[in-house]
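Take a look at the structure set out below.
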There are 2 protein chains.
Amino acid sequence: MPTAEREISRFQVFLQQQGLKLTSERSALLREIFETHYHFEADELLFRMKEKNVKISRATIYRTLELLVKSGLVRRVHLGEDHYHYEHVRRDSHHDHLICTTCGAVIEFHDPVLEARQLEICAKKRFTATFHNLQILGVCDACRRKGEQPDAPDRVKMIQVGALNLRK
Amino acid sequence: MPTAEREISRFQVFLQQQGLKLTSERSALLREIFETHYHFEADELLFRMKEKNVKISRATIYRTLELLVKSGLVRRVHLGEDHYHYEHVRRDSHHDHLICTTCGAVIEFHDPVLEARQLEICAKKRFTATFHNLQILGVCDACRRKGEQPDAPDRVKMIQVGALNLRK
DNA sequence: CTGCAATTGAGACTCTGTCTCAACTAGTGC
DNA sequence: GCACTAGTTGAGACAGAGTCTCAATTGCAG
Ligand SMILES: [Mn+2]
Ligand SMILES: [Mn+2]
Ligand SMILES: [Zn+2]
Ligand SMILES: [Zn+2]
């Protein structure tokens with residue numbers, strides 16, 4: 001993995017087309033995003049940069065992520081939480097996600113049959129799709145095995161009185 | 001539409017199973033949710049209740065929506081915005097959404113072939129799905145027609161300086 | 001090298017959603 | 001019906017994600 005230099009120049013092309021500039025902050029972020037891997041949150045990225053002693057403000061993180069999404073270098077996804085996650089995009093690496101509600105694991109998959117069927121549905125509705133987002137929530141294999149052991153004892157954890165938080 | 005009384009008693013059954021109570025606030029909300037139709041936001045519901053001079057606090061709105069989601073009477077969905085939307089659930093009315101990024105229209109669809117394929121994928125990955133959420137973003141038929149007219153003039157609306165808000 | 005439009009950081013701000021706690025009810029049992 | 005108590009409510013404080021403002025700074029075209 002040649003440390004993201006390819007993506008930085010792709011980003012620069014995009015920026016120039018828009019009359020924007022490539023700054024040291026922007027390339028530092030791009031480098032971080034493409035060197036590490038996986039589904040990260042905006043504030044997590046902020047924290048990682050801080051750890052590396054690269055000073056970048058929160059505003060710039062958000063602004064740059066927005067630009068990266070627009071340029072197609074980064075994808076913004078929902079993973080069943082109430083804030084966004086981001087992931088870098090390598091060429092033609094589209095996929096969707098299975099998300100384990102027990103351990104939080106994220107399993108990526110790509111299925112051409114599924115994708116094709118979605119397009120058929122759009123055609124039927126005369127809808128021009130630009131992108132989509134599919135999350136399947138459930139329990140992963142590892143968690144299912146563990147759960148099968150009659151582990152009933154800790155199931156009766158009623159947390160707090162009142163209507164909320166029925167059983168964790 | 002017999003004004004949601006059926007759903008209220010379904011909710012009461014759920015509440016009793018959990019040792020919870022049916023209050024006037026809860027049934028008022030359920031009535032509002034099942035009488036009107038479509039994809040609403042929590043604060044929008046708060047506003048509608050205020051308009052009708054039914055005093056219900058924001059905390060109770062959120063708490064009740066959480067209960068309704070747990071009971072299966074209401075579904076919480078992402079529609080490509082950065083907060084949740086809710087919709088009431090009639091029996092076996094599962095569907096997913098096409099969302100027009102131009103006019104905000106939401107088109108519902110249900111496709112057994114698509115659903116079946118998702119299950120196959122999960123089986124292959126040994127993943128036990130409990131629910132899913134598919135949003136297809138794009139341009140609806142009406143907006144596409146309008147957009148085809150060479151309406152270029154207002155396309156060059158650069159809003160604000162700087163990197164953000166490239167073109168609205 | 002210069003000039004200037006684009007960018008940055010700090011922090012205020014907005015919005016969605018959660019929590020706390022004292023006052024208040026639903027509903028069970030008498 | 002009446003009382004008791006666990007569950008519920010509202011007000012407002014709080015939290016977290018994300019946006020905006022503006023003065024100071026920087027990329028980069030000429
Ligand atoms: Mn992914
Ligand atoms: Mn719907
Ligand atoms: Zn798991
Ligand atoms: Zn539209």
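Proteins get letters first, then strands, A, B, ... in listed order; numbering begins at 1 in each. When reading the values below, keep in mind they use all heavy atoms of this one structure, side chains included, and skip hydrogens, waters and symmetry mates.
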May I have the distance from [X] (atom [atom1]) to [N] (atom [atom2]), rounded to whole angstrom?
X	N	atom1	atom2	result
Ile8(B)	dA26(C)	CD1	P	14 Å
Leu67(B)	dT18(C)	CG	P	12 Å
Glu66(A)	dT7(C)	CD	P	12 Å
Leu15(A)	dT8(C)	CG	C1'	15 Å
Glu81(B)	dG17(C)	CD	C1'	16 Å
Gln17(B)	dG7(D)	CD	C1'	17 Å
Asp82(A)	dC15(C)	CG	P	18 Å
Glu44(B)	dC15(C)	CD	P	15 Å

**OP:** May I have the step-by-step check of side chain to side chain donor-acceptor pair (under 3.5 Å) for His132(B) and Gln118(B), ending in yes or no?
**Re:** CA-CA 9 Å; His132(B) 66 266; Gln118(B) 288 178 24; 3.3 Å; yes
Subject >> Gln16(A): partners by side chain to side chain donor-acceptor pair (under 3.5 Å), with sequence neighbours left out >> reply: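 Partners of Gln16(A) under the side chain to side chain donor-acceptor pair (under 3.5 Å) test: none.
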Original post:
Under a 4.0 Å N-O cut-off, is there an ion pair linking Arg76(A) with Glu87(A)?
Top reply: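 Result for this pair is no, no salt bridge flagged.
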Original post:
Using 4.0 Å as the upper bound for N to carboxylate O, is an ion pair formed by Glu32(A) and Lys52(A)?
Top reply: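 Here Lys52(A) pairs with Glu32(A) in a salt bridge, since their nearest N and O are under 4.0 Å apart.
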**OP:** Take the C1' atoms of the five end pairs on each side of the helix from dC1(C)-dG30(D) to dC30(C)-dG1(D), get both axes, and report the angle to 10 degrees.
**Re:**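 The value is 40°.
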Verify, without hydrogens or angle tests, whether [X] (side chain) and [Y] (backbone) share a donor-acceptor contact under 3.5 angstrom.
X	Y	answer
Thr64(A)	Thr60(A)	yes
His88(B)	Ile33(B)	yes
His39(A)	His85(A)	no

Original post:
What about the rings of His97(A) and His78(A), do their centers lie closer together than 6.0 Å?
Top reply: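 No - the distance between ring centres of His97(A) and His78(A) does not fall below the 6.0 Å cut-off.
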Do you know the tightest heavy-atom contact between [X] and [Y]?
X	Y	answer
Ala129(B)	Ile136(A)	CB-CG2, 3.6 Å
Phe127(B)	Ile107(A)	CD1-CD1, 4.0 Å
Ile99(A)	Gly80(A)	CD1-N, 4.4 Å

Original post:
Looking at residues 50-61 of chain B, who's got a heavy atom less than 4.0 Å off DNA chain C?
Top reply: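 Close to the strand are Arg58(B), Ala59(B).
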Subject >> Nearest-nucleotide pick for Arg63(B), side chain only, options being dT21(D), dG17(C), dT20(C) >> reply: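 Nearest to the side-chain atoms of Arg63(B), counting from C-beta on, is dT20(C).
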**OP:** List for me each residue that meets salt bridge (charged side-chain N to carboxylate O under 4.0 Å, His left out) alongside Glu120(B), sequence neighbours excluded, and say none if there are none.
**Re:**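 Expected list: Arg117(B).
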Subject >> dG17(C) phosphate, OP1 or OP2, under 4.0 Å from Tyr62(B) side-chain N/O >> reply: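 For dG17(C), OP1/OP2 do have a side-chain N/O of Tyr62(B) under 4.0 Å.
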Check: protein-nucleotides 22-24 of chain C nitrogen or oxygen pairs below 3.5 Å:
none

Identify the pairs formed between an N or O of the protein and an N or O of nucleotides 26-30 of chain D at a distance under 3.5 Å, and give each distance.
{"from": "dG27(D)", "atom 1": "O3'", "to": "Leu22(A)", "atom 2": "O", "distance (Å)": "3.4"}
{"from": "dG27(D)", "atom 1": "N2", "to": "Lys21(A)", "atom 2": "NZ", "distance (Å)": "3.0"}
{"from": "dG27(D)", "atom 1": "N3", "to": "Lys21(A)", "atom 2": "NZ", "distance (Å)": "3.1"}
{"from": "dC28(D)", "atom 1": "OP1", "to": "Leu22(A)", "atom 2": "N", "distance (Å)": "3.1"}

Subject >> Residue from Gln12(A), Arg90(A), Arg31(A) passing side chain to side chain donor-acceptor pair (under 3.5 Å) with Glu7(A) >> reply: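 The residue from Gln12(A), Arg90(A), Arg31(A) that satisfies side chain to side chain donor-acceptor pair (under 3.5 Å) with Glu7(A) turns out to be Arg90(A).
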**OP:** Please confirm whether Arg75(B) makes a cation-pi placement over Tyr86(B), using NZ or CZ under 6.0 Å from the six-membered ring centre and within 45° of the ring normal.
**Re:**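 Negative - Arg75(B) is either too far from the ring of Tyr86(B) or too far off its axis.
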